[in-house]
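All ligand and atom numbering here is 1-based and tracks the order in the structure.
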Amino acid sequence: MSNVLFKGDEPIPSDAIVLFDGSSLAGWHKRGSDEKAGWKVENGYMEVVPGTGDICTRELFEDVQLHVEFWLPLMADCEGQARANSGVYLQGRYEVQVLDSYKLDPQLNDCAAFYTLAAPCVNAARPPENWQSYDIFFHAPRFNELGVKTQNARASVLWNGIWVHHNLEIPGPTGGEIDHDFIKPGPLLLQDHGNLIRFRNIWARKLGC
Ligand code: MG
């Protein structure tokens with residue numbers, strides 16, 4: 001058994017792949033193209049530039065532990081899905097919703113929901129204009145040698161340190177997925193839903209255990 005150490009001031013495990021360290025989008029590309037990600041980077045975070053499209057990591061994942069932090073603007077004149085919408089997609093196929101759902105009774109399309117599949121069991125939202133975090137533990141679907149699925153994907157999620165999904169079974173994609181090649185590894189995808197969402201401190205550990 002190897003030891004997992006921590007790097008620097010941030011509690012990043014030594015075996016993590018740093019996907020965004022606040023300085024560059026070099027590890028990312030525009031969805032569906034080889035073009036560079038069009039989002040802007042400043043002050044240690046990335047921010048959606050509306051209309052430039054979703055962005056994907058060049059690194060591909062199967063089983064993974066993912067840490068991502070996000071910041072939502074206050075959109076006081078907007079409601080529901082129009083209020084600070086983005087998303088964190090595992091394998092580019094399974095969306096954990098990003099939305100300003102502060103103080104709402106969470107539904108299947110609110111923040112931390114697996115979109116249209118499962119609401120978080122509690123609402124752990126912070127008010128907009130605060131940094132929030134997801135820690136996601138994703139178990140990729142399994143297939144036999146004929147390519148037939150033998151196990152659905154599963155995931156557990158901590159939202160701001162609060163356990164909101166426990167080993168949730170994910171029978172299929174949640175909408176807006178990159179493809180239906182479910183047997184293949186996929187990227188981490190962040191959604192451009194037209195709102196000025198920020199992300200920072202993104203890292204992942206490929207899980208072999
Ligand atoms: Mg979304």
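Within Glu95, the N, O or S atom at minimum distance from the Mg ion (ligand 1) carries the name OE2.
Using a 4.0 Å cut-off between a side-chain N of Lys or Arg and a carboxylate O of Asp or Glu, Arg126 and Asp100 do not qualify as a salt bridge. Between Glu69 and Arg198 no salt bridge is recorded (no basic side-chain N to carboxylate O distance below 4.0 Å). The pair Arg31-Asp192 does not count as a salt bridge, with every side-chain nitrogen at least 4.0 angstrom from each carboxylate oxygen.
The Mg ion (ligand 1) has an N, O or S atom of Gln191 inside 2.8 Å of it. Among the atoms of Gln81, none of the N, O or S atoms falls under 2.8 Å from the Mg ion (ligand 1).
Of all the heavy atoms in Thr57 and Pro187, the pair that sits closest is O-CB, 3.4 Å.
The angle that Gln97 OE1 and Asn85 OD1 make at the Mg ion (ligand 1), rounded to 10°, works out to 90°.
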